[in-house]
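Below, chain A is the first sequence line, B the second, and so on; all start at residue 1.
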Number of protein chains: 2
Amino acid sequence: MTVPEQPRRADARRNVEGIRRAALDVFRTGGLTTPLDEVARAAGVSKGTIYHRFGSRRGLIDAVVDDLVAERIQGIIAAVGELDEPLARFEEYLLRMFLLQYDEPAANDVLVRALPDSEPLLNLCEKAQEFAFGLLRAAQEAGVIRPDLTPDDVNHLILERGAIVRSCGCTQSRADYQRRLRFLLDGLRSNPFPRTS
Amino acid sequence: MTVPEQPRRADARRNVEGIRRAALDVFRTGGLTTPLDEVARAAGVSKGTIYHRFGSRRGLIDAVVDDLVAERIQGIIAAVGELDEPLARFEEYLLRMFLLQYDEPAANDVLVRALPDSEPLLNLCEKAQEFAFGLLRAAQEAGVIRPDLTPDDVNHLILERGAIVRSCGCTQSRADYQRRLRFLLDGLRSNPFPRTS
DNA sequence: TACGTTCTTGACCATGGAGTCAATCTTTCT
DNA sequence: AGAAAGATTGACTCCATGGTCAAGAACGTA
């Protein structure tokens, strides 16, 4: 009952849609931990209705997370798939992930798992994770990424970035944020490999 | 009256000392934002007494921050002062700062300024900051640190580290944490400069 | 020892957010 | 239209934290 299937009455169906839309909007700008009262206000509905329709915060998240994040992450995977060079593939993946974290607090919350675990969420994360591990191995086999970087380290990089964006996100411009990402990425390359800058 | 000078009665003096000691202990392990109730419990007094004696959380922080952090930071500055090479000086400073942030949540809170500003605190931060800027310039003039790294970037590195430690500190061992710092520091070096690893 | 002064206490207020539910309103079916 | 099932409401509870204050306890001095 987390995702309500066809409520019987017209007003209920209307509200479910309105709440979904409002949640999309509010979560998009404020992250998935935004107070539900705000979602309720944005939807023109009382908080109780949300709990009635979606059961809990997590139910609501499950109902919108796909629209919110899935296609962004799949977009990243697709974009990286276009590239050929192992180094470019690995770096592009991380760069785009980091930028996604900056751009969408909600996506960040998903990646950081700072919320009640839900199935579609976990699937998404694991899929992205496996993809990243593949990129890492390829880049290391090509000798362009330092061999002492582990898959676990890559996960940590994402988590750390999440923490950073949460607390220092608003204090730096996107341009500065992106420029600083270069420092980080350069530190992951193999020793003698030349840099972009 | 933030730092009570000689309360008149013996029990008051005793309590001030007890509270200071308890705060030192509690803040040390939990950071400067730990609920004052905990400090009160540790000191065996009631919360009201703390407010009475120190006026506010900030008053209490002012009264202990020196013992808590000052000598650690001064120790870092001193240790770095022993070194000769510009690269080693700059990297040692950052490394020690980052480790201090890991080891002492309270020190981290100070560096991140995640609390009511207080005078001794600000002095300390600015002193360390100026010192760091000097190290950066020297290292850049020697050509060992990338020239596009700005003083502002260095500040950000500290702030970001603070956010990381706050939220992912407990999920990684100190050894892993330190190993990963290497990635970061390597990314700050000048292009053709060889790495340690 | 007794009294005035200084201290301490813990119950109290306020804030802000999660989550619940009985009462009330709305839809829909006949 | 009327009634039953379904839906909404908003006031309520609960929890955690920061901070206050009147009343009573402890000190120390005469």
Side-chain angles (χ1 to χ4, degrees), chain A residues 1-23 26-27 29-64 105-106 109 114-118 166, chain B residues 1-23 26-27 29-64 105-106 109 114-118 166:
Chain A
M1 195 187 276
T2 46
V3 178
E5 18 211 313
Q6 287 299 79
R8 335 211 149 167
R9 267 170 47 176
D11 49 352
R13 255 175 284 135
R14 220 184 310 127
N15 279 334
V16 167
E17 248 326 286
I19 292 169
R20 259 184 50 87
R21 249 197 298 275
V26 169
F27 284 164
T29 69
L32 296 179
T33 54
T34 313
L36 287 196
D37 303 68
E38 268 181 52
V39 178
R41 204 165 347 110
V45 141
S46 115
K47 189 174 41 161
T49 303
I50 295 183
Y51 281 98
H52 248 289
R53 291 289 134 233
F54 295 91
S56 63
R57 151 174 254 107
R58 162 166 164 193
L60 180 58
I61 289 175
D62 282 358
V64 299
D109 289 342
L115 34 91
D117 296 324
S118 77
R166 264 172 175 260
Chain B
M1 195 186 277
T2 45
V3 178
E5 17 211 313
Q6 289 299 78
R8 335 216 149 161
R9 267 169 49 176
D11 50 351
R13 254 173 286 137
R14 217 184 312 126
N15 278 335
V16 166
E17 247 327 285
I19 292 170
R20 259 183 51 87
R21 249 198 297 275
V26 170
F27 285 164
T29 69
L32 296 179
T33 55
T34 312
L36 287 195
D37 303 67
E38 268 181 53
V39 177
R41 203 167 346 109
V45 290
S46 112
K47 188 174 44 158
T49 303
I50 295 183
Y51 281 97
H52 243 288
R53 293 286 134 233
F54 295 90
S56 63
R57 152 174 254 107
R58 167 172 160 188
L60 180 59
I61 289 175
D62 282 358
V64 299
D109 288 341
L115 34 88
D117 297 325
S118 75
R166 264 172 175 261

With Phe54(A), the side chain to side chain contact (heavy atoms under 4.5 Å, CB included) member among Val16(A), Thr49(A), Leu36(A):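 Output: one option passes, namely Val16(A).
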
What distance do [X] atom [atom1] and [Y] atom [atom2] have between them, rounded to the nearest 0.5 Å?
| X | Y | atom1 | atom2 | value |
| --- | --- | --- | --- | --- |
| Arg14(A) | Arg9(A) | CZ | CZ | 9.5 Å |
| Thr33(B) | Arg57(B) | OG1 | CZ | 6.5 Å |
| Ile50(A) | Ser56(A) | CD1 | OG | 11.0 Å |

Atom-to-atom span, [atom1] of [X] to [atom2] of [N] - whole angstrom:
| X | N | atom1 | atom2 | value |
| --- | --- | --- | --- | --- |
| Phe54(A) | dG19(C) | CZ | P | 15 Å |
| Arg41(A) | dA18(C) | CZ | P | 12 Å |
| His52(A) | dA23(C) | NE2 | P | 14 Å |
| Arg58(A) | dA18(C) | CZ | C1' | 16 Å |

Over all atoms of both residues, closest heavy-atom pair of Ala43(B) and Gly18(B):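 That would be CB-O, 3.9 Å.
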
Closest-nucleotide ordering on DNA chain C, the 5'-leading residue of Ser46(B) and Gly48(A):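 Closer to the 5' end of DNA chain C: Ser46(B).
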
Backbone N/O of Leu60(B) and side chain of Arg53(B): donor-acceptor pair under 3.5 Å: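 It does not hold such a pair.
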
Upstream residue (5' side of DNA chain D) when Tyr51(B) and Gly44(A) are each assigned their closest nucleotide: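 Nearest-nucleotide comparison on DNA chain D picks Gly44(A).
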
Side chain to side chain contact (heavy atoms under 4.5 Å, CB included) partners for Thr34(A), two or more places apart: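 So Thr34(A) forms a side chain to side chain contact (heavy atoms under 4.5 Å, CB included) with Val26(A), Phe27(A), Glu38(A).
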
Taking only N/O atoms, report every protein-nucleotides 12-17 of chain D pair under 3.5 Å with atom names and distance.
none

Salt-bridge contact Arg58(A)-Asp62(A) (side-chain N to carboxylate O under 4.0 Å):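 A salt bridge links Arg58(A) with Asp62(A).
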
Footprint string (nucleotides 24-30 of chain C, 5' to 3'): B base within contact, S backbone only, - free, heavy atoms under 4.0 Å: --BSS--

Any Thr49(A) side-chain N or O less than 4.0 Å from OP1/OP2 of dT9(D):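 Yes, Thr49(A) has a side-chain N/O under 4.0 Å of OP1/OP2 on dT9(D).
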
